[in-house]
Amino acid sequence: MMAWHTEITTAIPKRWHWVLWLAYGLALLALLGQLAIYIDYAAALLRFPFDYDQGEGFELYDTVLHAQGQWPYRDSQTPENFFYTSIYPPFFHLMIVPLVWVFGPHLWTGRLVGFAMSLVAAAAVGWGIYRATGRRWVAVFAGLTFIASNYTFHIGPLFRQHMTMVAFEALAIVALAQVGDQAWTKRRAFWLGLGLLLIAGYTKQLALATVLAALTYLFIRGPRRAILVGLGLSAVAGGIFLAIDWATAGWWYTSIIEANINEFDVPQMWRFYQQWTTLHFFVAALAVVRLVYETYFTRLSLYALWFAFAVANGALSGKFGAGESYFVTATAATCIVAAIALVQAHAWLTQHRPRWAWAVGLAIPLLFLAQTRLNLHLPTTGPIYGPLAQALGVSANGPDYYDSQGYTQLGPHPTEADMQAGWQIVALACQTAGPVFSEEAAFMFQTQNLAKQGQCAEGKAVYTNPFPQLVMYRAQLFDPTQEIAMLQAKQFGLVIFRAQFYPQVVLDNIGANYQPLTEIKMNHFTYRLLVPKP
Amino acid sequence: MWPDTPLTKKQLGWLLCLAGVGLAVAVLAVDWMQAGNFAGFGPMQQRAIGGAGAIVVFGLTLVARGEQLA
């Protein structure tokens, strides 16, 4: 393993060392700058007590149900279950249960875990590179490049399970990459990797691609053993699956599997591929070159296979309701493979073409600098961000926010006005007699928190989970009859809409029986509040 | 006992060819079962057959790499 300074200056004439130090310094400054912006964004979200991304409040509700010893996978067609079911596996929520037990139902609990797991994922990326190459600088750069990615930035500090899945995937792959060809079962890393794969799968279903990548790698290295491993892993995962399905009278399978089979939009898929490739061009190009090289000229590594499977899995971004998060795993894999490609190229040139080694040596930091520029995102106002944005030559393409991706819903900091708007909605919910039909759950949790302090007449229960309801209705898995009966009887004292992700028949019945009360703008979305018609 | 040695690129290539052919057969079989008889290729079937063909071609390029370990 090289010392930090030797890594940079090896095989470089002494008179050019200052150029390299300058390039490495600039790259590190840029990456640490994006890290600081990310931490600031996460802190802003931790302070914001309402849904920032639609669905966060329902993930909190899943956690609350687990904390109460209940499964969130249920018949969502009945008022007894508050027309609610969850379509996500439980591990992420179970991780947050202790925080909810201690601190109560607050969005910051899951956001803190999501943010922490994004750092874990970055650390796993860096550790994997360091173990594979012995190079510290490149490992640090690649880990920070993962953090600097627009997609990591947007979703890392949300109360959503995707980033936690990516962290477990990265840890699993890095663990299994240490195993080698022989004596798998005698290696702790092997069992750790398998365990992490299982956890990743029970964090979010998309981890199946990483599981398949790992099994494919093991099959290439030892087909008979890999088949046994695959059968064993399937038996354990399947056993857990069947146990939960039995415990939930079949609603686990309906919610986790059937409800996630949605309409597919091929142009949407290609748009996401194009966007991801554009934003991650330099590292993606390097990773592709390395994949081709390993495929035809040397042994396929687990990292390269993971990269291939993860990028292929991005095709699922064409599903209704899918988004950029479907490429975060691919970003992690890309950072690892690209870094390994750079180090291997540098090592080869140092040995065989030492006159050109300096070029790759200089290209390493410049490439990470260029990649960071492709991913640039930052607020554009304030005493620090304002001058910084000006110095970088960028202006807002969103609310007081620049993102190289273009306009994004996620990324701008919630403002004091957004906070006040949220409390205004909560106040209206508190004043309502009877249950509230809300498209976001965090408002209801705040009424519960205020009720405990005597500042709200009664805490409101969480009713409905709109997106699952919509996709299940389209798949003929959800019968809205009882929900509509309550709406027609005007049993809900208040309806809170944001994107109106409900079955059309539900929206029509709300329109027939409820009338507008007011509109409140929060996070640049217009929330429409309705009350029963006289 | 069947030795559990790593695959060569040639073996991996043949496996991929087999997978590609299997995918094409599965697409045809599903289309035949659904329609009662072969009813022509829609866009999804064309994409699937095209994908299967690409997998076979990719497999053949690996077969050409011979006994090098995959």
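Just so it is clear: chains get the letters A, B, ... in the order the sequence lines come, proteins before strands, and each one is counted from 1.
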query: Around B:K10, counting heavy atoms of other residues, nucleotides and ligands shown, do more than 12 lie under 6.0 Å from its NZ?
result: no
- request: Find out whether B:P6 and A:R299 are in side-chain contact, i.e. whether some heavy atom of one side chain is under 4.5 Å from a heavy atom of the other.
  value: yes
message: Can you confirm whether more than 12 heavy atoms, excluding those of A:F320, are under 6.0 Å from its CZ atom?
response: yes
- prompt: By a 4.5 Å heavy-atom criterion (distance strictly below it), what part of B:T8 contacts chain A: side chain, backbone, both, or neither?
  reply: neither
message: Between B:K9 (side chain only) and A:F297 (backbone N and O only), is there a donor and an acceptor less than 3.5 Å apart?
response: no
- prompt: For the side chain of B:R65 and the backbone of A:Y296, is there at least one donor-acceptor N/O pair under 3.5 Å apart?
  reply: yes
task: Look at A:D181, A:V266, A:L300, A:T295 and state which one has the largest set of heavy-atom pairs under 4.5 Å with chain B.
output: A:T295
- request: Give a yes or no on whether A:W348 atom CH2 has more than 12 heavy-atom contacts from other residues, nucleotides or ligands under 6.0 Å away.
  value: yes
- request: Output the distance between atom CH2 (A:W184) and atom CG (B:D4), rounded to the nearest 0.5 Å.
  value: 6.5 Å
Interface moiety of B:L69 toward chain A, non-hydrogen atoms closer than 4.5 Å: both
